[in-house]
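Let me begin by presenting the structure, written as structure tokens, before commenting on it.
Note that the structure is predicted; figures quoted are calculated from it, not measured. Worth knowing before you read on, the calculation uses all heavy atoms, side chains too, and leaves out hydrogens, waters and symmetry mates.
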Amino acid sequence: MVCSAAITGEKSTLYRTINELLHLTSESVAREDDYSDIAGMHVLVAEDHEVNWQILSMMLSMYGIESTHAENGQIAVDLLASSQPGDYDLVFMDVQMPVMNGIEATKAIRMLPDERISAIPIIATTANAFSEDVAVCLDAGMNGHIAKPIEIKLVLKEIQKVKESMS
């Protein structure tokens, strides 16, 4: 019994520490049930920085959302081109990446022959948050924009929009 209590204590300490690092308040954590409708969704995360990918992946998994990592835009395009409709529900696309940046990748995705795949919602994730930067993303065919550092509430809001449009 002591062992399970110690493990439970360690889990709650880890959970509390992660929430503090991610700036999640107890109120936002308590509202987790409000997002139960998006559990089971699968997103593609195009992100070249491993730490950014790990943080976003961990945040998504807290809400039951599966994620796949693409280290650059070309890999994201290749994953989508070889996917079946429904494999991914949306893409979070970093704008500044090596090999192929997010703008180029989005344009390439929009040109894919399968209309159901080429129309996948793409949300920009970038530190560039000026209105001109947002306009460039939208002009390239992205459906939304989230400024870095990523706030989980904004990510969940975008995911819920996509989920609602699927219904």
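- To the nearest 0.5 Å, atoms OG (Ser131) and CG (Leu138) are separated by 11.0 Å.
- With rounding to the nearest 0.5 Å, the separation of CD in Gln160 from NZ in Lys153 is 12.5 Å.
- Following chains of ILVMFWY side-chain contacts shorter than 4.5 Å, one cannot reach Leu79 starting from Leu60, and the two form parts of different hydrophobic clusters.
- A salt bridge is absent between Lys161 and Glu164; no separation between the charged side-chain nitrogens and carboxylate oxygens falls under 4.0 Å.
- Here the shortest heavy-atom pairing between Val77 and Ala105 reads CG2-O, 3.6 Å.
- No chain of hydrophobic side-chain contacts below 4.5 Å, direct or via other Ile, Leu, Val, Met, Phe, Trp or Tyr residues, connects Ile123 to Val136.
- No path of Ile, Leu, Val, Met, Phe, Trp and Tyr side chains, each step under 4.5 Å between heavy atoms, connects Met97 with Ile150, placing them in separate hydrophobic clusters.
- To the nearest 0.5 Å, the span separating NE2 on His145 from CG on Leu154 amounts to 11.0 Å.
- Between the OG atom in Ser67 and the CG atom in Leu90 there is a gap of 10.5 Å [rounded to 0.5 Å].
- Evaluation of the ring pair (Phe, Tyr, Trp, His ring centres under 6.0 Å) test over residues 72-124, restricted to residues two or more places apart or in two chains, returns His42-Tyr88.
- Ile117 and Met142 fall within a single hydrophobic cluster, where Ile, Leu, Val, Met, Phe, Trp and Tyr are joined by side-chain heavy atoms under 4.5 Å apart, directly or via other members.
- Separation of atoms CG (Leu112) and CG (Leu80) is listed at 7.0 Å; rounding is to 0.5 Å.
- Interatomic distance, Asp78 CG to Met100 CE, rounded to the nearest 0.5 Å: 8.0 Å.
- Other residues, nucleotides and ligands contribute more than 12 heavy atoms inside 6.0 Å of the CD atom of Gln74.
- Applying the side chain to side chain contact (heavy atoms under 4.5 Å, CB included) test between Val43 and each of Val91, Ile65, Ile120 identifies Ile65 as the sole match.
- Arg110 places a side-chain N or O within donor-acceptor distance of the main-chain N or O of Gly141, the cut-off being under 3.5 Å.
- When hydrophobic clusters are built by joining Ile, Leu, Val, Met, Phe, Trp and Tyr residues whose side-chain heavy atoms come closer than 4.5 Å, directly or via intermediates, Ile159 is grouped together with Tyr35.
- For Ser83, the side-chain hydrogen bond (donor to acceptor under 3.5 Å, both in side chains) criterion is met by no residue, not counting sequence neighbours.
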Residues 44-55 side chain polar contacts: donor-acceptor under 3.5 Å, at least two apart:
residue	atom	partner	partner atom	Å
Glu47	OE1	Lys148	NZ	2.8
Glu47	OE2	His49	N	3.0
Glu47	OE2	Asn52	ND2	3.4
Glu50	OE2	Gln54	NE2	3.2

